[in-house]
Structures are given as C-alpha cells and as structure tokens.
Amino acid sequence: MAGTGLLALRTLPGPSWVRGSGPSVLNRLRDAAVVQPGFLSTAEEETLSRELEPAIHGFRETEKSRWSEASRAILQRVQAAAFGPGQTLLSSVHVLDLEARGYIKPHVDSIKFCGATIAGLSLLSPSVMRLVHTQEPGEWLELLLEPGSLYILRGSARYDFSHEILRDEESFFGERRIPRGRRISVICRSLPEGMGPGESGQPPAAC
Ligand SMILES: O=C(O)CCC(=O)C(=O)O
Ligand SMILES: [Fe+2]
C-alpha cells in the first residue's frame, strides 16, 4: 500500500553520523554536508598519523605541500571523493593539531581564499562538528567525525552555515558523549572559482 510505504519512508532513520534541527535542513544539506565514516583504512590512518604527529609537534597548525608517496595516494583519494573535475585545489594542505582541550569556534571559511568545497580527514580522536545557519540560528546540523572519517562541506553547507568543532565539555552527539582527545585534521580546499593555481596568493593558515 502506497500510504504505508510513505509512512515507513518518513520514519526511516537517516545516516548515523548526522543530526539536525529538523527534516528540512537535513534534506537541504543532504549532498552538501557529508561524512564518509571509515574512509581511511587502519593502515592509511597510521601512515598519516606517523607522518604528521612529529611534523606538527609543537605547532597548532601548518600548511603542508610535501608529502610521502603513501600520503599523496591518500590525498588523491580525497580529491577524487570530494572534488569535481573542474575544481582546482589549493596547492598546500592544511594540517591542524587540536589538543584534547582545544576547539574551533564557529566561522565560515574565507570566501576570498577558499572555493566551494572543503574536505577534511580526522585522525586520533572523534569529535562533533556543528553547522549553524548564519541567518537562521535555529537551523543546525551536527556531524559525528570518527577517526578515519572524511567530511565534505560544499555549497550551502560551506557558504550559509558556520562550522565549529565542539569543546570537550560540549562534545555530545545527541545523548551520546563524544570524549575529545588530541585530534589531527587534514583539510583540502578548492580554490575560489575563476582563480588559477598561480593566482592564489598566500592564504592565511586558517583560511
Ligand atoms: O579541523 C577541522 O576539521 C576543521 C578546521 C576548520 O574549520 C578550519 O581550519 O577552517
Ligand atoms: Fe573552517
């Protein structure tokens, strides 16, 4: 029966990595805020952690343009998964090291330096990323970022919503407590549309 089918569809739970203020925002951002849990294999997580832990020790963030061959292969997988063929990536990759007590305040990435797509790998600790509509603060999404996951923010999720990484005290995914430890993220961004690789200038580290 069609009616029963529709009802069943409406009550189907969404993916386990997203929560939102309501069905409309979940629906609108379905393709704009995406998490792929387990994007990295355990071996790939180890490859990146081994390369990055000592490299950024003592730094909070860095721009990295030279990578081992194994890590380059991982970054190419990110590019294929998150970016379109017409998108050029910023030449260096942003690496951020957040200590267990660290967090990232709500912000929208600079539209001057970053294009329509932001893709991030999370290593070491799980965390919760919250997106809040800049004009309608009652509209929000929360993404559960497990280690080894890839998140992609594009279009409306990137331009119309701020994003933040919750501090340990606020780190809940619904009822579920997500204790924060040290977290390393690896963030790839597209260049602003119409900007060739040679015209990118020097974006600030936080973009
Ligand atoms: O650590 C992350 O995954 C997000 C970082 C971020 O929002 C930024 O650097 O602009
Ligand atoms: Fe950001």
Side-chain angles (χ1 to χ4, degrees), residues 12-50 52-53 56-57 59-61 74 77-78 81-82 93-109 117-134 136-154 156-158 160-189 206-207:
L12 273 180
S16 57
W17 44 260
V18 66
R19 304 180 59 248
S21 51
S24 124
V25 71
L26 282 165
N27 229 0
R28 269 191 292 126
L29 295 192
R30 198 172 29 200
D31 300 318
V34 179
V35 178
Q36 294 186 23
F39 180 83
L40 298 177
S41 68
T42 310
E44 288 177 322
E45 265 185 82
E46 275 164 18
T47 295
L48 285 175
S49 305
R50 252 200 323 268
L52 294 174
E53 272 194 290
I56 61 177
H57 182 81
F59 287 89
R60 215 175 74 76
E61 58 187 336
I74 298 170
R77 284 213 308 117
V78 171
V93 174
H94 185 186
V95 182
L96 196 57
D97 187 0
L98 270 192
E99 55 174 346
R101 299 160 58 93
Y103 59 98
I104 300 175
K105 290 190 215 154
H107 65 280
V108 176
D109 284 18
T117 305
I118 302 164
L121 295 168
S122 300
L123 301 171
L124 307 182
S125 163
S127 64
V128 177
M129 176 177 274
R130 181 188 286 151
L131 277 63
V132 181
H133 197 286
T134 54
E136 302 281 348
E139 285 193 7
W140 56 266
L141 275 193
E142 281 170 0
L143 307 177
L144 176 62
L145 306 181
E146 301 274 13
S149 68
L150 171 72
Y151 70 81
I152 304 166
L153 304 180
R154 51 166 77 99
S156 176
R158 178 259 182 276
D160 305 330
F161 287 73
S162 64
H163 55 272
E164 65 191 291
I165 298 285
L166 301 183
R167 71 178 85 207
D168 184 53
E169 299 91 292
E170 296 174 4
S171 192
F172 286 86
F173 187 69
E175 300 284 288
R176 190 170 147 205
R177 166 97 174 111
I178 308 296
R180 276 283 322 283
R182 179 185 177 197
R183 170 179 181 268
I184 295 178
S185 50
V186 177
I187 305 144
C188 300
R189 298 178 170 96
C207 203

Inset, instruction - Go through the structure and list residues passing salt bridge (charged side-chain N to carboxylate O under 4.0 Å, His left out) with Arg28, not counting sequence neighbours. - result: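 Partners of Arg28 by the salt bridge (charged side-chain N to carboxylate O under 4.0 Å, His left out) criterion, ordered by chain and then number, come out as Glu139.
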Inset, instruction - Mind checking salt bridge (charged side-chain N to carboxylate O under 4.0 Å, His left out) for Glu146 and listing every partner two or more places apart, or none if nothing turns up? - result: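 By the salt bridge (charged side-chain N to carboxylate O under 4.0 Å, His left out) rule, Glu146 matches Arg176.
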Listed partners of [X] passing side-chain contact (heavy atoms from CB on, under 4.5 Å), at least two apart:
X	result
Pro106	Ser162, Glu164
Arg101	none
Thr47	Arg50, Ala70, Ser71, Ile74
Glu170	Leu166, Arg167

Inset, instruction - Give a yes-or-no answer on whether the side chains of Arg130 and His163 include a donor-acceptor pair shorter than 3.5 Å. - result: no
Inset, instruction - Could you tell me whether the side chains of Ser127 and Arg183 share a donor-acceptor contact shorter than 3.5 Å? - result: yes
Inset, instruction - Identify, with sequence neighbours excluded, every residue that meets ring-ring contact (aromatic ring centres under 6.0 Å, His included) alongside Phe161. - result: His133
Non-neighbouring partners of [X] that pass side chain to side chain donor-acceptor pair (under 3.5 Å), sequence neighbours left out:
X	result
Thr117	Gln87
Ser156	Asp160
Arg19	Glu142

Check [Y] with [X], please: is the shortest side-chain N to carboxylate O separation under 4.0 Å?
X	Y	value
Arg77	Glu44	yes
Arg182	Glu53	yes
Asp109	Arg158	no

Inset, instruction - List the atom of Arg177, the atom of Ser171, and the distance in Å for their closest heavy-atom pair. - result: NH1-O, 3.4 Å
Inset, instruction - Working to the nearest 0.5 Å, report the span between CG of Leu121 and OG of Ser149. - result: 8.0 Å
Enumerate, atom names and distances included, each donor-acceptor pair closer than 3.5 Å involving a side-chain atom of residues 29-40, sequence neighbours excluded.
residue	atom	partner	partner atom	Å
Arg30	NH1	Asn27	OD1	3.3

